[in-house]
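Notes for the one structure printed next.
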Amino acid sequence: LKKGGRLGYISSSTFFRTNSGEALREFLKVRSNLLTLIDFNDYPVFEGVTTYPAILILEKPERLRKNAPKSEFKFLNITAKKEIEHQAVKQQLQNGFGVMKQAALKADAWQLEDESFFNLRQKITQGYKTLKELYGSPLYGLKTGLSKAFVIDAKQYRLLKQDDPTGEILKPFLEGKDLKRWRAESRSLYLILFPKGWTHEQLGYKVEDDNFAELTENDAWSYLQSKCPNIAEHLKPYEIKGRKRTDKGYFWWEMRSCAYYKKFEKPKIIYNRFMPHTLFWLDDMCNYHNDALYFIPAVGYYELGLLNSKLYWYLLTANALTMRGGFYQVLGHVLEKMPIPTSNEEQQKSIADLAEQCQTLAKKRYELEHKVQRRFLENFRPANNNESLNTKLTQWWNLSSVTELAIEVRKAFKLKASTKLNVDFSNPAIQDTWESYLQENISEWQTHTQKIQNLEKQIDDLVYALFDLSDEEKKRVKS
């Protein structure tokens, strides 16, 4: 461009927040005059393609600069949802623009916000130590390179635990889909964990010994077969694929080197890197997990309360990558920047107690959900029918009546109209019994949910107080 020339282009908005986009952000901030910036986030501008488009209109300055100009530019964050006529997004494009100073764009990530929100964010983040400074960076989960071989279910575990009665090798395991807000919904998975060097160590070899390399794979495998015959038999069919893994140790049945295996077996906060809302849970059950999940070691219920609060979600969504479907990608480098407010012992205890109550109630609610689901399967699923509960039966607390229950049972188990159900819903007495059972459990579920929401509100208020937010500032966070 010549001096004073203007350029408008469509680009992915991911460079607004990624580490790899830092150089480009700095270049545009200093070496151009931004005029208009529109972030469409996950709005489907291009049908059939997952993109996160942005429109940038900028001008080449009359002279080179070393610092960002004091000028302002127009910005718009598209929050509208997809609709056929695109009326909502059209309305935003007509009336939704804000104005911000170009110099207010931060080096670590671009947050498009007017001055009042900028000042609020400065107030929340400045002058406090970060999560990284206090607890270290979040740690990501394990990469097995072959989950089909190394992650086993409850049925397989019952057989293989004969080789490992003390739990040295078979570890409780979670995947990304198992983690929810305040709880984990374990599917009774286990990880076969032979850390790098395990086989040598068992046979008395040390890395510094001259004979360390003399242990052949045949001898090592023979030892494994003798010590863990059931596990060896399970792994044997995966030998070829196991050898091709990059995530392996000295032998194909070993895992890659990891400096923090032992930290999995201590209390920690686990979170999902893809979040539609806060998904943090305090694990005191020594779970290992895959790399869809991250964890923060050496923390407790106080930190859990902070992270599951509305204020921290406000901060996270401003820094995380926007994904399709209302999700945000919260990688370790995003979470580690979160401020940890100054607080005394009493304040920490108040938040910690509330967070612990939330987690306890969330567990009870999940156990209730699971109990009713199990009852449905035991009473309604015909013999030799392997169909699962559908979404409406899984989320039974949204059912309106026993009539809807009967309809969904037929749908879930793919039963013909002529097929009789195991339970005769045409019998008024049986109908009344199940109606009573359903409504009693729905009422209990709603009670748990309401209690959790009340506790969360108390946590939010205490967190706002730690940052000394005014009523107006609280409204901005909630908006």
Side-chain angles (χ1 to χ4, degrees), residues 6-29 31-32 34-58 73-100 102 104-114 117-118 121 138 140 176-177 271-279 291-294 312-338 477 479:
R6 294 188 175 187
L7 171 67
Y9 68 98
I10 300 172
S11 165
S12 167
S13 66
T14 53
F15 82 87
F16 289 3
R17 300 178 182 88
T18 58
N19 286 339
S20 60
E22 184 173 356
L24 178 57
R25 289 195 299 272
E26 185 64 17
F27 177 84
L28 293 176
K29 175 182 174 181
R31 303 288 292 273
S32 75
L34 293 174
L35 303 176
T36 303
L37 204 162
I38 304 174
D39 186 356
F40 285 86
N41 293 295
D42 67 341
Y43 193 85
V45 175
F46 304 104
E47 288 293 336
V49 181
T50 300
T51 56
Y52 304 95
I55 295 176
L56 292 91
I57 301 175
L58 51 86
F73 66 94
K74 294 194 304 179
F75 73 89
L76 176 63
N77 278 308
I78 298 296
T79 57
K81 302 301 179 184
K82 180 183 178 181
E83 53 177 316
I84 296 176
E85 299 297 327
H86 305 288
Q87 290 302 319
V89 74
K90 289 178 182 177
Q91 185 69 27
Q92 271 198 277
L93 287 167
Q94 290 175 357
N95 305 310
F97 280 91
V99 176
M100 71 177 293
Q102 188 164 325
L105 293 169
K106 294 295 183 182
D108 55 351
W110 280 4
Q111 285 122 19
L112 305 181
E113 56 194 1
D114 62 26
F117 280 97
F118 172 78
R121 198 176 306 281
Y140 60 81
K177 67 182 75 172
Y271 76 93
N272 200 316
R273 62 174 170 162
F274 295 109
M275 300 190 197
H277 48 75
T278 53
L279 292 176
D291 61 331
L293 301 172
Y294 283 71
Y312 275 71
W313 183 240
Y314 167 74
L315 293 172
L316 286 172
T317 54
N319 290 280
L321 282 174
T322 304
M323 309 299 289
R324 180 60 55 88
F327 283 77
Y328 293 85
Q329 186 179 36
V330 183
L331 298 177
H333 71 85
V334 173
L335 192 72
E336 68 184 17
K337 299 171 186 174
M338 292 298 103
V477 170
S479 68

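All values derive from a computational prediction rather than experimental measurement.
- Within 6.0 Å of atom CD in Gln94, more than 12 heavy atoms from other residues, nucleotides or ligands are found, so the atom counts as buried in its surroundings.
- Residue Leu335 comes nearest to Pro138 through the heavy atom pair CD2-CG, 3.9 Å, listed as atom of the first residue, atom of the second, then distance.
- Taking OH of Tyr294 as the start and CD of Glu336 as the end, the distance is 10.0 Å to the nearest 0.5 Å.
- Checked against Gln92 for a side chain to side chain contact (heavy atoms under 4.5 Å, CB included), the options Ile38, Asn77, Ile78 give a single hit: Ile78.
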Query - Residues Phe274, Met323; criterion side-chain contact (heavy atoms from CB on, under 4.5 Å); working and verdict - result: CA-CA 8 Å; Phe274 295 109; Met323 309 299 289; 4.1 Å; yes
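- Contact between Pro53 and Phe46 at its shortest, heavy atoms only, is CB-CE1, 4.1 Å.
- Rounded to the nearest 0.5 Å, atoms CZ (Phe40) and CD1 (Ile55) are 4.0 Å apart.
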Requested in this report: Test side-chain contact (heavy atoms from CB on, under 4.5 Å) on Phe97 and Thr36 and set out the steps.
Outcome: CA-CA 9 Å; Phe97 280 91; Thr36 303; 3.9 Å; yes
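- Within 6.0 Å of NZ on Lys177 lie no more than 12 heavy atoms contributed by other residues, nucleotides or ligands.
- With hydrogens and angles disregarded, a donor-acceptor distance shorter than 3.5 Å links the side chain of Asn272 to the backbone of Gly176.
- Atom CG in Leu28 sits 9.5 Å away from atom CG in Leu105 (nearest 0.5 Å).
- Here the closest non-hydrogen pair linking Arg17 and Asn319 is CD-O, 3.4 Å.
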Query raised in the report: Taking it one step at a time, do Tyr328 and Leu316 satisfy side-chain contact (heavy atoms from CB on, under 4.5 Å)?
Result: CA-CA 8 Å; Tyr328 293 85; Leu316 286 172; over 6 Å; no
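- The nearest pair of heavy atoms linking Met338 to Leu315 is SD-CB, 3.7 Å.
- A side-chain donor-acceptor contact under 3.5 Å links Ser13 to the backbone of Tyr52.
- Without hydrogens or angle criteria, Arg273 side chain to Gly332 main chain gives no donor-acceptor distance under 3.5 Å.
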Query raised in the report: After noting the C-alpha distance and the side-chain angles of Phe73 and Met100, does the key distance pass the side-chain contact (heavy atoms from CB on, under 4.5 Å) rule?
Result: CA-CA 6 Å; Phe73 66 94; Met100 71 177 293; 3.3 Å; yes
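- Contact check for Leu58 versus Leu35: no side-chain heavy atoms found under the 4.5 Å cut-off.
- Across all non-hydrogen atoms, the minimal contact from Tyr314 to Glu113 is OH-OE1, 4.5 Å.
- Taking CD of Glu22 as the reference point, atom CZ of Phe15 lies at 13.0 Å (rounded to 0.5 Å).
- Considering only heavy atoms from C-beta on, Phe118 comes within 4.5 Å of Lys106 through its side chain.
- By the 30° and 60° cut-offs, the orientation of the rings of Trp110 relative to Phe16 is tilted.
- Residues Arg121 and Ala318 approach most closely at NH1-CB, 3.2 Å, considering heavy atoms.
- For the atom pair CG of Asn95 and CG of Leu93, the computed distance is 9.5 Å after rounding to the nearest 0.5 Å.
- Interatomic distance, Thr79 OG1 to Asn41 CG, rounded to the nearest 0.5 Å: 8.0 Å.
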